[in-house]
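Have a look at the structure below before the remarks.
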Protein chains: 2
Amino acid sequence: MIEAQIYKALGDPVRLQIITRLAAGSPYTIGELSKNLGISRQGARKQLQVLVSANLVHLSQKGRETEVVLDTDKLTIAKQFITNIEQQWDLRLQALKDFVENNPTKK
Amino acid sequence: MIEAQIYKALGDPVRLQIITRLAAGSPYTIGELSKNLGISRQGARKQLQVLVSANLVHLSQKGRETEVVLDTDKLTIAKQFITNIEQQWDLRLQALKDFVENNPTKK
DNA sequence: TATTTATGCAACCATTTGGTTGCATAATGT
DNA sequence: ACATTATGCAACCAAATGGTTGCATAAATA
């Protein structure tokens, strides 16, 4: 279950907020991104690091600033996992339905 | 960010394993499901509870057994969130591409 | 050159998490 | 009736998490 780390990284409101902002309005610097999250800059930086470690974003140094860039590959993997689960589940429900239809309760 | 709780619940290999098994071969009882996860029954039960609390699965009492059923609604919400992020991100990339094309670097 | 700005690093702290063991109990099987 | 099975509940524990503050430093600006 490699996906666990990705979901874990997504499993925090501050981090989801960061992802949302990045998708909407990059490029962002660490400093900008750390504002208005309700926590300190260093607090925000730690959350950002979780996203970096999960490869959901990457950083690129620009002079004294650091640009934060969204990386959608891992998001796609996470989405694919859910799609697969849903698909298997639907197959099962369909199989169950077929079974019921072919084996009517005797009156 | 309501999705955070869902992702958090998905963010553990044992819990992903449980979800995967449920999608593949329900109905499962708590006892069956707790086997072969590499942890104790009570340990597995605690992980299962996390999924219940996040409404990813629900339980239904059957005599002395408890049936565990997958609930795909929350999964769908989680998937939708990712889809939205990807979409916004693609829009941005496209806008950036257009900008570059209409503003060629002067030779 | 002096100051401000963007950032990093580390120590610290309370709470949550992921696991354990031990014991209780209600439903089922013999 | 007795034993077994499926489960719940609670206490406990180490490690991880989510936050803080304080201090250091390199780059940009005045």
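Just so it is clear: chains get the letters A, B, ... in the order the sequence lines come, proteins before strands, and each one is counted from 1.
- Across all strands shown, B/G43 has heavy atoms under 4.0 Å from base atoms, whether or not it also approaches the sugar-phosphate.
- Counting to the nearest Å, the C1' atom of D/dG18 and the CZ atom of A/R41 are 16 Å from each other.
- Not a single donor-acceptor contact under 3.5 angstrom links the side-chain atoms of A/R45 to the base of C/dT7.
- With respect to A/E86 and B/K79, a salt bridge is recorded, a charged nitrogen being found less than 4.0 Å from a carboxylate O.
- Considering only side-chain atoms of B/Q42, the nucleotide from C/dG18, C/dC23, C/dG29 that sits closest is C/dC23.
- Atoms OH (A/Y28) and C1' (C/dT7) sit 19 Å apart, rounded to a whole Å.
- Among D/dT20, C/dG8, D/dT7, the nucleotide with an atom closest to any side-chain atom of A/I39 is D/dT20.
- B/Y28 and B/V50 are not part of a single hydrophobic cluster, where members link through side-chain heavy atoms under 4.5 Å apart.
- The side chain of B/Q47 has C/dG19 as its nearest neighbour among D/dA16, D/dT5, C/dG19.
- Side chains of B/E65 and B/T29: a donor-acceptor N/O pair is absent below 3.5 angstrom, by distance only.
- Atom pair B/L16:CG and C/dG18:C1' shows a separation of 15 Å (rounding to whole Å applied).
- In the set C/dA27, C/dT21, C/dG18, the nucleotide with an atom closest to the side chain of B/R64 is C/dA27.
- At the phosphate of C/dA6, neither OP1 nor OP2 sits under 4.0 Å from any side-chain N or O atom of A/S34.
- Computed from coordinates, the B/R15 CZ to C/dG18 C1' distance equals 9 Å when rounded to whole Å.
- Judged by distance alone, the side chain of B/R15 and the main-chain N or O of B/Q47 form no donor-acceptor pair under 3.5 Å.
- With rounding to whole Å, B/Q49 atom CD is found 14 Å from C/dT17 atom C1'.
- Residue A/T29 places none of its side-chain N or O atoms closer than 4.0 Å to OP1 or OP2 of C/dA6.
- At whole-Å resolution of the value, CG in A/D12 and P in D/dG18 are 5 Å apart.
- When distances run from any side-chain atom of A/K8 to the nucleotides C/dG8, D/dA16, C/dT21, the shortest one goes to D/dA16.
- As a whole-Å value, the separation of B/Q5 CD from C/dT17 P is 10 Å.
- Residue-to-nucleotide proximity on DNA chain D shows that, of A/E65 and A/V14, the 5′-proximal contact is made by A/V14.
- For the 3.5 Å distance criterion, the side chains of A/R92 and A/Q88 fail to qualify, holding no donor opposite an acceptor.
- Contact annotation: B/S40 reaches the phosphate of C/dT20 (side-chain N/O to OP1 or OP2, under 4.0 Å).
- Rounded to an integer number of Å, the gap from CD of A/Q61 to P of D/dA27 is 9 Å.
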